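Heavy-atom basis, side chains included; hydrogens, waters and symmetry copies ignored. Chain letters run A, B, ... following the sequence lines, proteins first, then strands; residues in each count from 1. The structure displayed is predicted, hence computed values, not measured ones.
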Amino acid sequence: MTEKKRPLLDELKKGKWPSFVTEMEKSAATKPAVNTLLNLVERSFEEKRVHWKHGGIVGVRGYGGGVIGRYCDLPEEYPEVAEFHTIRVNQPSGWFYDSKAIRSLCDVWEKHGSGLTNMHGATGDAILLGTTTPHLQDCFNDLSDAGFDLGGSGSNLRTPSACCGPARCEYACFDTLDLCHHVTNKYQNELHRPMWPYKFKIKISGCPNDCTSSIARADLSIIGTWRDRIRVNQKAVAEYVDGGLPIKSAVLDYCPTKCISFDKEKKEINIDNENCTRCMHCISVMPKALRVGKEKGATLLLGGKATIVQSAFLGWVIKPFIKLDKEDGYQELHDLLEKIWEWWDENAKVRERIGELIYRKGMGEFLKATDLEPVPQMVHHPRANPYFFWYPEDFAAEKEAKEAKKEVAGSEVSE
Amino acid sequence: MTEKKRPLLDELKKGKWPSFVTEMEKSAATKPAVNTLLNLVERSFEEKRVHWKHGGIVGVRGYGGGVIGRYCDLPEEYPEVAEFHTIRVNQPSGWFYDSKAIRSLCDVWEKHGSGLTNMHGATGDAILLGTTTPHLQDCFNDLSDAGFDLGGSGSNLRTPSACCGPARCEYACFDTLDLCHHVTNKYQNELHRPMWPYKFKIKISGCPNDCTSSIARADLSIIGTWRDRIRVNQKAVAEYVDGGLPIKSAVLDYCPTKCISFDKEKKEINIDNENCTRCMHCISVMPKALRVGKEKGATLLLGGKATIVQSAFLGWVIKPFIKLDKEDGYQELHDLLEKIWEWWDENAKVRERIGELIYRKGMGEFLKATDLEPVPQMVHHPRANPYFFWYPEDFAAEKEAKEAKKEVAGSEVSE
Amino acid sequence: MANPYYAKTDIGPPNFWNMLPQVIKDNYGNWLYHEKVKPGVLKHVGETGDELYTVRVGSPRLLSIETLRWFADIADKYCDGHLRFTSRHNVEFLLADGTKVDALVDELEAAGWPVGGTGRSLKNLIHTQGWIHCHSAATDASGTVKAVMDDLYDYFKKDDLPAKLKISMACCLNMCGAVHCSDIAFVGVHRKIPKVDDYGVANGCEIPNVVASCPTGAIRPNPKAKSVTINEEKCMYCGNCYSVCPSLSIMDPENDGIAIFVGGKVSNTRKGPEFSKLVIPFIPNEPPRWDSLVVAIRNLVEIWVKNAKQGERYGEWIERIGWEKFFEVANLPFTDKHIDDFTFSVPTFRSTTQFKFTDKK
Amino acid sequence: MANPYYAKTDIGPPNFWNMLPQVIKDNYGNWLYHEKVKPGVLKHVGETGDELYTVRVGSPRLLSIETLRWFADIADKYCDGHLRFTSRHNVEFLLADGTKVDALVDELEAAGWPVGGTGRSLKNLIHTQGWIHCHSAATDASGTVKAVMDDLYDYFKKDDLPAKLKISMACCLNMCGAVHCSDIAFVGVHRKIPKVDDYGVANGCEIPNVVASCPTGAIRPNPKAKSVTINEEKCMYCGNCYSVCPSLSIMDPENDGIAIFVGGKVSNTRKGPEFSKLVIPFIPNEPPRWDSLVVAIRNLVEIWVKNAKQGERYGEWIERIGWEKFFEVANLPFTDKHIDDFTFSVPTFRSTTQFKFTDKK
Ligand code: SRM
Ligand code: SRM
Ligand code: SRM
Ligand code: SRM
Ligand code: SF4
Ligand code: SF4
Ligand code: SF4
Ligand code: SF4
Ligand code: SF4
Ligand code: SF4
Ligand code: SF4
Ligand code: SF4
């Protein structure tokens with residue numbers, strides 16, 4: 001019966017890539033709302049337009065976010081999806097699950113919702129796709145009982161996410177999963193109760209490959225790095241070469257700083273680590289031969305966001321190196337984060353992301369407010385215009401320096 | 001006597017570089033005003049401040065520009081320089097003079113001014129430095145009789161300038177001197193009678209070396225280029241190599257597109273001209289072996305200016321290639337220039353340079369107004385944001401295309 | 001009240017540690033290197049010599065609980081119950097025992113779940129809600145993605161592209177997929193200014209917020225109607241005002257569609273992160289299979305496969321040949337729309353005579 | 001009226017053609033190549049085999065007519081009366097007869113006119129009016145230039161630098177020297193906001209123009225006083241309002257001084273044109289010989305001479321080693337002032353983890 005009525009969606013059951021229509025039909029078998037949803041989407045396909053309205057505010061007790069309200073604009077015709085809210089469930093760090101956790105999520109969602117999910121949302125949450133207002137609290141209760149909590153939505157901290165890091169990757173420069181778990185737990189209040197000018201996203205990648213795309217997608221990017229030297233196993237290098245790796249064209253030529261040289265005789269490479277910018281390329285091409293350094297930590301970048309309003313920003317370096325100490329609960333990071341939030345909260349306009357605020361106010365002000373030291377690593381290059389500010393403290397420092405000099409000069413004379 | 005009174009300036013008579021103080025003293029010998037000027041400048045050196053006031057409007061009959069009024073802020077103490085205006089004399093193309101022309105300028109300036117000059121001003125004029133209002137018209141009369149005219153100042157076309165080009169340089173891709181002379185003469189009215197939103201500067205360089213720094217300093221840069229191939233004399237290449245030129249490190253490695261290869265056996269180079277961006281580097285290093293192509297013309301860039309107000313802009317490509325035909329009086333260039341001026345004049349705010357106007361209005365509007373075709377050579381890369389405009393004509397074109405398709409489709413059916 | 005019970009709040013997510021298989025716990029932070037076993041299968045080797053196999057499965061992201069439960073079953077069968085999802089929404093099965101890999105792959109493939117997407121392959125297509133759930137969508141997400149992935153399926157299954165290929169989509173300019181740094185990105189776009197429903201604005205929206213929301217200052221208060229007016233010349237259809245105020249509807253089935261951007265990336269590898277750049281300003285919505293979109297993307301992929309050097313991602317290839325050559329090779333028109341006219345436009349203008357001639361331009 | 005006669009207007013400049021020596025007329029547009037004979041002397045060879053010698057002489061640009069006449073005499077003596085000036089204000093003597101070159105050079109040098117400035121040398125220092133003629137100057141031009149050129153004199157006379165070295169100066173932010181694309185640029189800067197003379201503003205300035213002139217919107221009308229007020233937090237002392245209105249005096253002898261920028265260039269050679277970037281935000285005015293300025297510039301020159309590869313201009317060298325390394329090598333402090341906060345700031349922020357560590361930063 002349903003088949004007949006949805007010729008357009010049926011087209012999307014064809015083809016080799018797993019079909020979302022097929023997934024929906026699986027749910028539709030037990031969930032009438034999903035059948036209705038399919039019909040509604042079919043109509044969207046016919047009319048080339050969406051049939052959802054702006055969401056109203058719905059939620060669960062004690063929280064200001066975690067649920068996205070959604071209403072159909074044709075409630076009479078499609079009553080089963082007149083309300084079709086989503087619930088954002090905070091994923092475990094690195095999206096690691098076991099079958100038990102998966103099943104418990106499924107059970108809750110079978111009971112309270114459409115049975116459709118997004119594994120995962122673009123921010124990282126496990127998205128439970130479609131339920132009604134009366135179910136929200138119960139669903140949350142059951143989730144909580146099963147050990148799950150909600151993620152962020154609205155003007156708050158959004159659900160942090162992290163790459164698999166030390167669990168599955170030899171490049172990880174710190175414990176991405178632990179940090180993600182720690183930050184998420186420490187800032188539960190910021191996550192659940194919107195009270196900021198706008199959203200704030202944190203993404204955590206264990207090395208410069210940035211497998212969570214944090215520089216593009218997070219207000220704060222935490223990206224692993226090291227400050228000593230790449231560890232080289234010369235025997236393994238020779239094996240790659242013997243195995244046919246064209247080392248010049250595949251490695252040396254792509255090194256952005258051209259800081260690797262190769263000794264053809266010895267089949268050894270030599271890395272000028274002082275000039276290496278830790279781009280990962282050589283390591284990624286020869287993972288058996290090269291390893292990230294030993295003195296590890298992370299680079300912090302701030303300001304990344306998508307295109308609305310000022311156009312997209314990529315996060316920029318605000319701290320070239322920070323040690324991420326599990327032992328002291330990542331205190332340095334937390335202190336900084338709280339200073340950043342405080343300044344942002346005090347100064348931002350409604351719906352102004354941190355990057356936009358810094359653009360408006362200037363990095364100088366931001367650095368002062370957060371006690372960060374200006375370093376050249378923060379910029380591609382220094383300013384090209386001569387439009388810089390002088391503050392009373394600059395003149396005071398100047399005067400002091402001058403007087404110090406005078407004193408020295410004076411004492412010389414009196415000798 | 002004077003010596004005693006100017007200990008600071010006296011310091012600047014020392015050292016090996018020719019001294020402007022010495023030059024001023026030469027004039028001071030016959031010109032009391034220059035002696036006074038020296039005293040005034042000595043005072044500036046003592047006080048670390050300028051002693052000139054904002055200029056009033058002074059000039060010569062029939063012109064709105066060409067003279068910069070200048071008044072001393074201590075007229076009682078320094079009466080001889082109470083007024084000290086400069087006259088901008090339009091230099092000959094390429095700053096070529098003969099001794100007769102030099103002497104005639106000197107004679108006029110001996111009669112009417114301080115005897116001090118700037119050869120030349122930063123825009124390119126011969127600057128006669130310092131005279132009084134009553135002398136202005138007479139000075140101009142004598143200049144005119146000697147075959148000289150004034151340059152630009154104020155909100156008008158500024159004095160165009162050109163590199164030595166075909167007169168002294170093998171790289172010149174068109175006749176810079178003739179074009180400069182031609183443009184200057186054609187637009188005498190625009191040069192002499194301010195009537196625009198702001199200044200407009202033209203600089204002309206015969207090749208991409210851009211020896212007039214036009215991209216940084218001119219609203220319109222005209223820079224020679226070619227669109228065929230670099231001419232190679234392989235024998236001369238071999239001679240350079242035999243002479244010890246490290247061709248790889250000195251030439252190949254610096255080629256920005258890496259489009260040169262070198263045959264060690266034959267001592268020949270091979271240039272992939274399709275990928276050459278005509279940067280001049282290889283030619284400059286081996287001028288005896290390489291020559292610019294034969295199909296010559298110029299690239300036009302627009303929008304260059306110094307830092308005030310919006311920050312400095314470098315001129316950008318608005319026409320990748322234009323043939324500059326002496327025969328038809330550079331008609332294509334003039335047509336374009338006039339369209340540019342018209343649009344600018346109609347749309348700009350007071351003191352808004354053409355580059356700033358384009359920034360404010362968008363290149364799209366500018367291109368339409370001037371009938372220039374958008375081409376990728378105009379940008380380093382296409383836009384990264386999705387904020388582009390659609391115009392009624394876009395939809396009209398789309399509709400037309402669709403209908404054309406339908407017709408074809410229709411006719412197919414009717415067959 | 002129907003519901004007297006309120007659950008504990010702020011418990012945070014489940015602890016990941018409890019989700020990890022033993023081999024990971026044993027080698028946590030001590031992995032030595034990894035190898036590609038075959039497309040879709042990775043082997044990580046620990047300092048202890050322990051091995052961990054990962055089998056990556058392509059996912060449409062929109063999954064029913066039926067499927068999730070089946071994945072759980074598979075995980076139980078082959079992986080002691082362990083699985084994860086990737087940052088691009090693929091499913092990964094994690095096993096210590098390499099001998100089970102082939103059987104696992106076979107069972108997944110037999111059920112229609114493609115194993116692949118590792119190494120120099122096409123990755124899963126990051127995307128957003130579209131017509132299935134969001135009020136803001138200018139195009140559908142799941143439908144376009146399915147059509148494109150069906151067409152490019154083979155590239156997901158093989159590991160022989162010049163480099164990784166990351167395609168992403170977002171259904172409106174909010175860009176929830178954060179697609180702006182992808183090798184190829186397609187984005188739902190509007191082309192007409194919002195329709196102002198004065199009554200709705202007056203009664204449902206905060207005028208100052210609405211005015212402030214517009215990136216180009218196109219919105220002015222209209223005090224008479226207690227509403228706003230939109231300046232047609234300044235509006236570039238971003239829809240941000242609609243995000244703030246539902247009564248400024250920007251949807252327009254006739255004129256909504258898709259724009260394509262290319263050449264972005266995020267990794268700091270070789271070249272730092274880069275935005276994707278506009279190449280095709282508009283492709284109409286053509287449900288159910290968006291044929292024009294599919295063809296356009298295939299062409300974009302194929303010219304790269306054909307012309308890039310080994311190791312060059314999309315943008316690195318273009319950087320080497322130059323954008324003017326790219327437009328020539330891609331045989332795409334270059335229009336006023338391609339030239340930036342927003343805040344940071346000037347630095348994108350070519351301020352040098354260095355360029356390549358194309359078609360005698 | 002004292003002056004009854006009005007000259008012909010709009011006659012334009014003298015025709016350059018009449019100024020050219022015969023050898024140039026004969027080879028106009030047909031030069032084949034050139035050679036460096038020795039520092040300051042170039043030989044151009046025409047397709048005909050004709051030779052043209054150029055002898056380049058350093059000039060302070062501010063020349064008395066006494067000197068100009070002497071140049072004319074020299075030109076008559078050696079060059080059939082032909083000479084020219086360069087785009088960097090040097091004097092060039094043009095002769096067809098190579099045998100006269102040495103005598104010409106000797107006579108010039110004996111009179112204190114340095115021959116040099118060709119090839120890989122320090123070029124003449126482009127500069128502006130300073131205290132000698134402009135109301136706007138935050139520092140002197142001729143004095144600073146003389147002090148710097150005296151100190152770097154030897155680099156003008158030799159041809160063995162890594163590449164050309166172009167130093168330029170401007171005495172205020174109007175940057176009449178267009179110094180913003182120089183290897184090394186120094187610029188007169190203010191550091192205090194303009195003093196508003198309300199009476200003068202009210203009577204002499206157009207308020208809307210004044211308000212519009214401010215790049216940062218720091219100026220607000222002050223209707224009470226028919227004048228304006230300046231927001232101390234927004235003003236960055238550019239002086240543009242003063243250009244528009246003399247009653248907003250920005251001069252301040254105590255606090256005016258010089259900022260230094262490096263790494264710019266204009267030619268399209270190798271790397272396209274580049275702006276110079278701020279390295280030293282402030283050096284006080286120290287007439288008569290600006291010792292701190294001279295030392296600072298010498299240091300900047302010397303680290304380049306010592307560290308650059310053959311063929312690398314200042315900015316090309318920095319690009320290779322990275323700005324962080326530059327600040328380390330130059331031993332200069334990096335401050336908030338170095339970080340852009342004007343319109344195009346964001347693209348200058350380092351959006352990648354690629355950087356070099358310095359001093360354990
Ligand atoms: C569900 C999700 C898309 C998905 O299919 O995965 C999503 C869905 C919505 N996003 Fe988003 N965003 C989602 C990740 C993102 C991302 C990507 C990311 O976080 O990595 C971005 C770009 C990165 C960024 O934050 O800049 C993103 C940028 C936006 C924006 C633009 C914000 C900006 O400052 O640029 C809006 C507009 C707004 O906030 O009003 C927005 C607004 C929305 C709203 C709430 C629509 C609205 O205007 O109210 C969408 C609700 C859709 C629905 O009905 O469920 N969404 N949104 C993602 C969240 C799932 C999760 O929690 O895991
Ligand atoms: C004489 C000269 C400097 C020199 O010593 O060589 C000069 C001198 C003045 N310039 Fe200039 N400019 C001179 C070339 C330039 C250049 C360089 C160029 O043309 O290549 C520039 C930068 C390029 C550009 O145009 O952007 C330049 C950018 C300015 C500006 C900033 C304009 C802007 O849009 O950025 C101003 C301010 C203004 O126009 O109000 C200015 C204003 C002035 C004024 C008129 C001062 C004023 O505010 O009224 C100066 C008069 C000084 C005097 O007392 O003689 N001058 N001015 C140059 C003209 C000589 C000539 O005609 O040959
Ligand atoms: C599983 C995952 C992390 C996670 O926690 O989920 C992951 C895992 C690995 N990444 Fe990644 N990356 C993952 C998303 C990303 C992303 C984010 C994205 O795609 O949205 C990026 C940045 C994207 C970009 O630059 O646009 C990313 C950029 C890299 C790079 C740099 C590639 C480059 O040349 O630019 C490497 C190094 C390499 O592959 O040579 C890398 C390398 C790796 C390695 C080889 C690391 C390792 O030793 O385990 C992992 C296997 C890669 C493979 O697919 O062959 N990973 N990796 C993500 C898999 C996504 C997927 O399902 O396709
Ligand atoms: C005479 C002059 C043109 C004029 O009509 O006045 C001129 C003449 C020549 N230039 Fe130039 N350039 C002249 C100003 C410039 C300028 C403008 C400036 O300095 O303000 C530039 C752009 C500056 C910049 O990039 O910042 C300029 C960038 C070049 C270049 C590119 C250099 C580079 O590596 O970036 C070359 C090629 C080369 O030298 O290798 C060049 C080459 C030449 C050649 C070799 C061309 C030739 O075959 O005759 C000429 C002799 C150069 C020499 O000094 O050895 N010329 N040249 C100018 C002399 C100024 C002076 O007195 O010092
Ligand atoms: S970001 Fe680095 S550490 Fe994390 S998964 Fe990717 S490659 Fe591994
Ligand atoms: S990590 Fe990158 S920069 Fe460092 S040596 Fe390897 S390829 Fe070069
Ligand atoms: S711009 Fe070119 S043609 Fe003109 S002088 Fe310089 S090198 Fe010669
Ligand atoms: S002109 Fe420049 S781009 Fe062309 S071949 Fe020579 S060095 Fe290369
Ligand atoms: S991209 Fe736009 S339409 Fe798509 S989910 Fe995000 S807000 Fe909704
Ligand atoms: S759609 Fe965007 S540009 Fe248009 S009025 Fe709304 S906010 Fe402004
Ligand atoms: S730079 Fe400033 S002070 Fe110097 S001449 Fe130009 S306007 Fe006058
Ligand atoms: S000096 Fe510049 S920034 Fe300050 S008020 Fe005047 S115009 Fe504005």
Legend entry - Residues, nucleotides or ligands: over 12 heavy atoms within 6.0 Å of Lys100(A) NZ: no

Legend entry - Proximity breakdown for His85(A) and chain C, heavy-atom pairs closer than 4.5 Å: backbone

Inset, instruction - Could you tell me whether the side chain of Ser213(C) reaches within less than 4.5 Å of the side chain of Val309(A), counting heavy atoms only? - result: no

Inset, instruction - Grab the two heavy atoms, one from Ile308(A) and one from Leu173(C), that are nearest each other, plus how far apart they are. - result: CG1-O, 3.6 Å

Legend entry - Sub-6.0 Å ring centroid separation between Trp17(A) and Phe156(C): yes

Inset, instruction - Select, from Ala162(A), Ser284(A), Cys169(A), the one with the greatest count of heavy-atom pairs under 4.5 Å involving chain C. - result: Cys169(A)

Legend entry - Interface residue of largest heavy-atom contact number with chain C, from Thr307(A), Thr30(A), Asn90(A), Val50(A), under 4.5 Å: Val50(A)

Legend entry - Charged N-O contact under 4.0 Å between Lys146(C) and Glu11(A): no

Inset, instruction - Report the C-alpha separation of Glu47(C) and Arg291(A) in whole Å, then their side-chain angles, then the decisive distance to 0.1 Å, and conclude whether the salt bridge (charged side-chain N to carboxylate O under 4.0 Å, His left out) test is met. - result: CA-CA 12 Å; Glu47(C) 286 174 0; Arg291(A) 298 181 75 182; 2.8 Å; yes

Inset, instruction - Quick one: which of Leu129(A), Val350(A), Asp210(A) has the most heavy-atom pairs under 4.5 Å with chain C, could you say? - result: Leu129(A)

Inset, instruction - Return the set of residues passing side chain to side chain donor-acceptor pair (under 3.5 Å) with Lys36(C) (not counting sequence neighbours), or none when no residue passes. - result: Asp159(C)

Inset, instruction - Evaluate the ring planes of Phe16(C) and His181(A), with Trp represented by its six-membered ring, and classify them as parallel (under 30°), tilted (30 to 60°) or perpendicular (over 60°). - result: perpendicular

Legend entry - Asn27(C) portion near chain A, given a 4.5 angstrom heavy-atom threshold: backbone

Inset, instruction - Decide salt bridge (charged side-chain N to carboxylate O under 4.0 Å, His left out) for Glu286(C) and Lys48(A); before the verdict, give the C-alpha distance in whole Å, the side-chain angles of both, and the deciding distance to 0.1 Å. - result: CA-CA 8 Å; Glu286(C) 295 167 342; Lys48(A) 305 188 196 176; over 6 Å; no

Inset, instruction - Pick whichever of Asp98(A), Asn118(A), Leu8(A) has the most heavy-atom pairs under 4.5 Å with chain C. - result: Asn118(A)

Inset, instruction - Name the option with the most non-hydrogen atom pairs under 4.5 Å to chain C; the candidates are Leu150(A), Leu314(A), Thr159(A). - result: Leu314(A)

Legend entry - Tyr97(A) ring center within less than 6.0 Å of Phe85(C) ring center: yes

Legend entry - Salt bridge flag under 4.0 Å for residues Asp10(C) and Arg193(A): yes

Legend entry - Option in Gly130(A), Ala29(A), Cys164(A), Cys163(A) with maximal non-hydrogen atom pairs under 4.5 Å from chain C: Cys164(A)

Legend entry - Proximal component of Leu94(C), with respect to chain A [non-hydrogen, under 4.5 Å]: side chain

Legend entry - Phe140(A) and Tyr5(C) aromatic centres sub-6.0 Å: no

Inset, instruction - Please look at Leu20(C) and chain A and tell me whether the side chain, the backbone, both or neither of the residue comes under 4.5 angstrom of a heavy atom of that chain. - result: side chain

Inset, instruction - Take Met24(A) and Ser64(C) through the side chain to side chain contact (heavy atoms under 4.5 Å, CB included) test and state the conclusion after the steps. - result: CA-CA 7 Å; Met24(A) 291 170 78; Ser64(C) 64; over 6 Å; no

Inset, instruction - Measure centre to centre between the rings of His133(C) and Trp52(A), then say whether the value is under 6.0 Å. - result: yes

Legend entry - chain A contact via Gln310(C) - which portion, at a heavy-atom distance below 4.5 Å: backbone

Inset, instruction - Answer with yes or no after comparing the ring centroid distance for His54(A) and Tyr242(C) against a 6.0 Å cut-off, counting only values under it. - result: yes

Inset, instruction - With side-chain hydrogen bond (donor to acceptor under 3.5 Å, both in side chains) as the test, would you mind laying out the steps for Gln310(A) and Thr343(C) before giving the verdict? - result: CA-CA 8 Å; Gln310(A) 298 266 14; Thr343(C) 314; 4.6 Å; no

Inset, instruction - Answer yes when Arg69(C) and Glu110(A) have at least one side-chain N-carboxylate O distance shorter than 4.0 Å, and no when they do not. - result: yes

Legend entry - Cationic N near anionic O, under 4.0 Å, Asp73(C) to Arg103(A): yes

